[in-house]
Amino acid sequence: MKFELENTLFCGQSFSWRKCDDGNFKAVLENKIHCVIEGQSEFDPFMTHYLDNEFDYNGTLQEITKLDPILNSAIKECGEIHILNQDLWETVIGFMLSQNNNIKRIEGLYDKMSKTFGSKIEDGYYSFPRPEQLKNVTEYDLRSLGVGFRAPYLLDAIKRSDDILSVVNLSDEKADKILQDTKGIGPKVSACIRLFGLHNMEVFPKDVWIKRVMSTWFPGKDEDYFKPYQGLSQQYLFLYARTHGFE
DNA sequence: GGCCAGGCCCCAG
DNA sequence: CTGGGGCATGGC
């Protein structure tokens, strides 16, 4: 199966990437501009790990294909997509911004936060701000960017950033609790952070799309049906439902 | 121009 | 513990 770079970067797990007019995909990660393009097969060490290219997706997807016919269709249509190894802090804030929001606007807010509080790499490219860079930010500053009712949530996350970043060393259950102790992080946002920021591949985030997917395509079933491939299954169903629609 | 968006908080029962 | 209103903002 062929790796689908664009589907991987734009399937809703990351808010860092932009498609440029020349067809390249660009993002600022680790204070560096990264540029990749569809069809590319060689990546530098950072991107190789970021794209999770060391994992055997081919074998895993063959297993999932056998699990269920709808997943089989989703995998056929979407191709080989990977779960990224993203920075935890960027994932935390990204998915806090995501609640009751749409992806276009999440990306816009993500860019505004980078431009306003991050470090300039070169013209038009800014790193996403680290917790230290957000230390003195006020609720007014955040509301001015357009984050709306999420402003106090972000402030709480900034205040608790040390605890939040410490969850990399904790068990899944403890990580989930500490994340949800933050204002504005509930079950779904925590699940997204754990899947996309901690690479907990057995988490199954349930947003409005996945709830629709479950009630229409998998009535009576729950996430255990997809064991032990909950994370990947969820991402295929999310992308498939959004692009293909419900029939 | 109203509906909706990768939900969560808060408060009633 | 479960259900539903309210929430800022702007894309469509």
Side-chain angles (χ1 to χ4, degrees), chain A residues 6-19 74 78 81-84 86-116 128 137-160 164 176-218 222-223 226 230-246:
Chain A
E6 182 163 7
N7 279 349
T8 296
L9 298 179
F10 297 99
C11 65
Q13 61 174 319
S14 174
F15 307 111
S16 308
W17 292 88
R18 305 291 173 264
K19 187 171 186 174
C78 303
I81 61 176
H82 294 187
I83 301 295
L84 300 169
Q86 299 188 77
D87 178 80
L88 175 58
W89 178 248
E90 293 173 12
T91 310
V92 167
I93 303 299
F95 280 93
M96 290 187 80
L97 293 172
S98 79
Q99 70 168 273
N100 206 34
N101 212 344
N102 61 65
I103 291 180
K104 273 273 186 301
R105 229 174 75 75
I106 300 165
E107 290 173 345
L109 294 173
Y110 188 95
D111 282 345
K112 277 190 191 172
M113 286 195 67
S114 300
K115 188 166 187 178
T116 309
F128 191 82
V137 166
T138 66
E139 177 166 347
Y140 177 81
D141 295 334
L142 291 171
R143 285 185 185 269
S144 304
L145 297 186
V147 306
F149 64 88
R150 307 169 191 84
Y153 303 162
L154 297 178
L155 286 181
D156 194 45
I158 294 164
K159 195 171 69 186
R160 295 167 40 80
I164 289 175
D176 189 43
K177 179 175 183 344
I178 290 185
L179 289 171
Q180 291 202 45
D181 279 344
T182 311
K183 277 226 181 315
I185 299 183
K188 190 273 175 182
V189 170
S190 176
C192 283
I193 293 169
R194 290 166 59 208
L195 177 57
F196 303 130
L198 293 170
H199 215 71
N200 291 170
M201 295 291 279
E202 297 182 3
V203 183
F204 190 85
K206 288 184 280 275
D207 74 318
V208 291
W209 289 92
I210 292 296
K211 284 174 183 166
R212 264 175 242 159
V213 163
M214 294 307 288
S215 59
T216 58
W217 292 339
F218 301 94
D222 64 11
E223 58 190 277
F226 305 106
Q230 298 94 318
L232 248 187
S233 300
Q234 185 273 165
Q235 200 49 33
Y236 272 100
L237 294 172
F238 179 77
L239 180 59
Y240 188 57
R242 286 176 54 97
T243 54
H244 184 272
F246 296 88

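- If you measure from atom CG of A:Asp207 to atom C1' of B:dC4, you get 13 Å, rounded to the nearest angstrom.
- Relative ring orientation between A:Tyr240 and A:His244 is described as parallel, the plane-to-plane angle staying below 30° on a 0-90° scale split at 30° and 60°.
- Rounded to a whole angstrom, the distance from the P atom of B:dC4 to that of C:dG5 is 14 Å.
- Nucleic acid contact for A:Gly146: sugar-phosphate only, since backbone atoms but no base atoms lie under 4.0 Å from a heavy atom of the residue.
- In this structure, A:Phe149 and A:Asn100 have side chains that are in contact, with non-hydrogen atoms separated by less than 4.5 Å.
- Classified by interplanar angle (parallel below 30°, tilted 30° to 60°, perpendicular above 60°), the ring pair A:Trp217/A:Phe246 is tilted.
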Heavy atoms under 4.0 Å is the rule here; annotate nucleotides 8-13 of chain B 5' to 3' with B where the base is hit, S where only the sugar-phosphate is, and - elsewhere.
-> SSS---
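- Considering only heavy atoms from C-beta on, A:Pro152 comes within 4.5 Å of A:Arg143 through its side chain.
- The side-chain heavy atoms of A:Leu237 and A:Phe226, taken from C-beta on, include a pair separated by under 4.5 Å.
- Nucleotides C:dA8 and B:dC11 have their P atoms positioned 15 Å apart, rounded to a whole Å.
- Contacts of A:Arg150 with the nucleic acid, taken as non-hydrogen atoms under 4.0 Å apart, include base atoms.
- To the nearest angstrom, P of B:dG7 lies 17 Å from CG of A:Leu179.
- Between the side chain of A:Gln99 and the backbone N or O of A:Gly184 there is at least one donor-acceptor pair closer than 3.5 Å.
- A:Ile210 places its CD1 atom 13 Å from the P atom of B:dA5, with the value rounded to the nearest Å.
- The distance from atom NZ of A:Lys211 to atom P of B:dA5 is 12 Å, rounded to the nearest whole Å.
- Atom CG in A:Asp111 sits about 16 Å away from atom C1' in C:dG11, given to the nearest Å.
- Distance CZ (A:Phe238) to C1' (B:dA5): 10 Å, rounded to an integer number of Å.
- Comparing C:dG10 with B:dC9, their P atoms are spaced 23 Å from each other, to the whole Å.
- Side-chain contact between A:Gln13 and A:Phe238: absent, with no pair of heavy atoms (C-beta onward) separated by less than 4.5 Å.
- Per the geometry, CG belonging to A:Leu97 stands 13 Å off C1' belonging to B:dG7, to the nearest Å.
- Contacts of A:Phe196 with the nucleic acid, taken as non-hydrogen atoms under 4.0 Å apart, include base atoms.
- For the pair A:Arg212 and B:dA5, the criterion of a side-chain N or O lying under 4.0 Å from OP1 or OP2 is met.
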Begin with the C-alpha distance, continue with both residues' side-chain angles, and end with the deciding distance and a verdict on side-chain hydrogen bond (donor to acceptor under 3.5 Å, both in side chains) for A:Asp176 and A:Ser190.
-> CA-CA 6 Å; A:Asp176 189 43; A:Ser190 176; 2.5 Å; yes
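- Stem regions for DNA chain B, each three or more consecutive Watson-Crick or G-U pairs with both distances under 3.5 Å and listed by first number, read B:2-5 with C:9-12, B:7-13 with C:1-7.
- Residues A:Leu142 and A:Arg150 form no side-chain contact, since every pair of their non-hydrogen atoms from C-beta on lies 4.5 Å or further apart.
- Separating the CG atom of A:Asn100 from the C1' atom of B:dA5 is a distance of 6 Å, rounded to the nearest angstrom.
- Side-chain contact of A:Asn101 with A:Ser98: a donor-acceptor pair under 3.5 Å is absent, judged by distance alone.
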